[in-house]
Amino acid sequence: MLIINGSVITFGATPRVIPGGAVYYQDDIILDVGSTAELTRRYPHAERLDATGKVVMPGLICAHTHFYGAFARGMAIPGEAPSNFLEILERLWWKIDQALTLEDCQYSALICLIDAIRHGCTTLIDHHASPNAIDGSLDAIAEAVRQAGVRASLCYEVSDRHGEAGARAGIAENARFIRWLQQNPQPLLGASFGLHASLTLSEETLAACVAEARALGVGLHIHVAEDMADQRDCLKKHNMRVVERLEKFGVLGPQTIAVHCVHVDGYERETLRATRTHVTHQPRSNMNNAVGVADVPDMLHRGINVALGNDGFSNNMFVEMHVAYLLHKLHARDPRIMPADQVMRMAFANNARLARLFWDRPLGALEPGAAADIILLDYHPFTPLTDGNFPWHIIFGMDGSQVTHTICNGQMLMCDRRLLTLDEAAIVARARELAKAVWQRVAAM
Ligand SMILES: [Zn+2]
C-alpha cells in the first residue's frame with residue numbers, strides 16, 4: 001500500500017515533516033518514506049491511498065491502561081463521595097473489579113479498543129483486575145484484542161486484597177497466560193507480570209511474583225507511590241520507602257514498568273535510573289485522584305525512560321499529551337517547563353522504547369523497517385508546519401477526533417472513520433446490558 005499526498009510527520013530518530021509526503025508499506029512493515037513524486041515513481045503498481053489534506057503519522061502508544069474500568073463511566077458511587085485516594089480505591093475500583101465476569105472483562109476491553117482505534121491508538125499496555133473472575137480473564141481480553149486487530153500487552157494485577165487464594169490465583173493467571181504466549185507467539189500480543197502496588201502486597205507474595213517472573217523471563221508491571229498512602233504504608237510496615245522495597249525484592253530492572261512514581265524522592269528516582277526501570281506518567285488520572293504531580297521533568301533529566309499512559313482514561317492519547325504539556329507548567333509556575341517537543345519525545349520515542357519490551361520491530365516511527373502502524377488525520381494547518389514546530393501543532397491544533405484512518409500491523413482497522421474489525425453498535429448494545437448488571441452488583445456490595 002502506498003499512502004500519498006499527506007503531510008507526513010515521521011517521528012523516529014530524526015523527526016521531520018514531509019509536505020506532499022508518501023509512505024509505502026508491504027504486509028506488516030514500512031519499506032519506504034519520502035516524497036509522493038519519488039515513491040510513485042518507485043512503486044508505480046502499488047495500491048494507493050490518497051491522504052490529500054491529511055496528516056500521516058505513526059499509530060499512538062498508550063504505556064499504561066486498565067481496560068477493565070470502562071463500565072465505571074457514569075456510575076454513581078454509593079455513599080458519600082470519596083475524599084482521598086484510598087477511598088476512591090475502596091469505594092469505586094475495588095468494587096467494580098469484584099463485580100466483573102469474564103464476559104464483562106471482554107466487553108470492557110472491546111469498548112476501550114473501539115475508543116483506541118477511533119482515536120488512532122494502536123498499541124496499549126494493559127493492567128487487569130477481576131478478583132472474582134481471575135482464571136481465563138487474560139484469554140477473554142486477548143480475544144477482544146485479536147478481534148480489534150490492535151497491539152496489546154496484558155497482565156493480571158496480583159494483590160493480597162483477597163487473601164492468599166486470591167494472590168495465588170493472580171500469580172497463576174499471569175504465569176499461565178505468559179507460558180501460553182511463549183508457546184504460541186501472537187504477532188500483536190505481549191505479556192508482563194502484573195502486580196497491584198506495594199501497599200497490597202505481602203513479603204511472601206512479592207517474593208513469589210518476582211521468582212515466577214524471573215523463571216518466565218518477563219518483566220513486572222506495578223503501580224509505584226501513586227499516592228502518599230503507598231509510602232506511608234511501606235514506611236510503617238517495612239520501615240523503608242516503596243522503591244527501596246521493590247529494589248530489595250528484585251522487582252526493578254530494564255524489563256519492569258513502574259507506574260506513576262508521584263511520591264518518589266531523589267534517592268528513589270536515582271534507583272529507578274540505575275536499574276533502568278521504565279516509568280509511566282498518567283497526568284489525567286493523577287489530577288482526577290488528586291494524588292499529586294510526578295516530577296517528570298527531573299526524571300527525564302536524569303535519563304529515566306518516562307513514557308505516557310492513560311490509566312484507563314479515554315484512549316485519546318492526544319488529550320493525555322495536552323494535559324501533560326499543561327500540568328507541569330502550572331505546577332512549577334514556569335511556562336518553560338515541559339515544552340511540546342519533550343511531550344512528543346515522551347509520547348513517541350519513550351513509549352516506543354517501552355513497547356520494545358514486547359515487540360521486536362520499531363514502533364512509533366514512520367521509517368523503513370518500522371511496523372506498519374499508521375494513522376491519518378484531517379488537519380489543515382493555517383500556519384507553517386515544519387520539522388521544528390510540529391510538536392506545537394500537535395498540542396494546540398490536533399486531536400484524536402481528527403483521526404480518519406487507523407492502520408495496525410498493516411491491517412486497516414478504520415477507513416474514513418468506519419470501523420472495519422469491530423461491530424460498534426452490537427458491542428455497545430451488549431456492553432450497556434452488561435454494565436447495568438455490573439452497577440447492580442456494585443450497589444449490592
Ligand atoms: Zn493504573
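Residue numbers count from 1 along this sequence. When a ligand or atom number is given, it counts from 1 through the structure's own listing order.
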- [ ] Would you please test E103 and R430 for salt bridge (Lys or Arg N to Asp or Glu O under 4.0 Å) and show each step?
- [x] CA-CA 10 Å; E103 192 185 9; R430 181 64 185 143; 2.9 Å; yes
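Qualifying side-chain hydrogen bond (donor to acceptor under 3.5 Å, both in side chains) partners for N132, counting only residues two or more places apart in sequence or in other chains: none. For D373, the side-chain hydrogen bond (donor to acceptor under 3.5 Å, both in side chains) criterion is met by R151, not counting sequence neighbours. With sequence neighbours excluded, the residues forming a side-chain hydrogen bond (donor to acceptor under 3.5 Å, both in side chains) with D298 are R269, R302, listed by chain and number.
Around the Zn ion (ligand 1), the protein N, O or S atoms closer than 2.8 Å are H64 NE2, H66 NE2, H223 NE2, D311 OD1, listed by chain and residue number.
Annotation: H281 is in aromatic contact with H328 [ring centroid separation under 6.0 Å]. The six-membered or imidazole ring of H127 lies away from that of H196, with a centre-to-centre distance of 6.0 Å or more.
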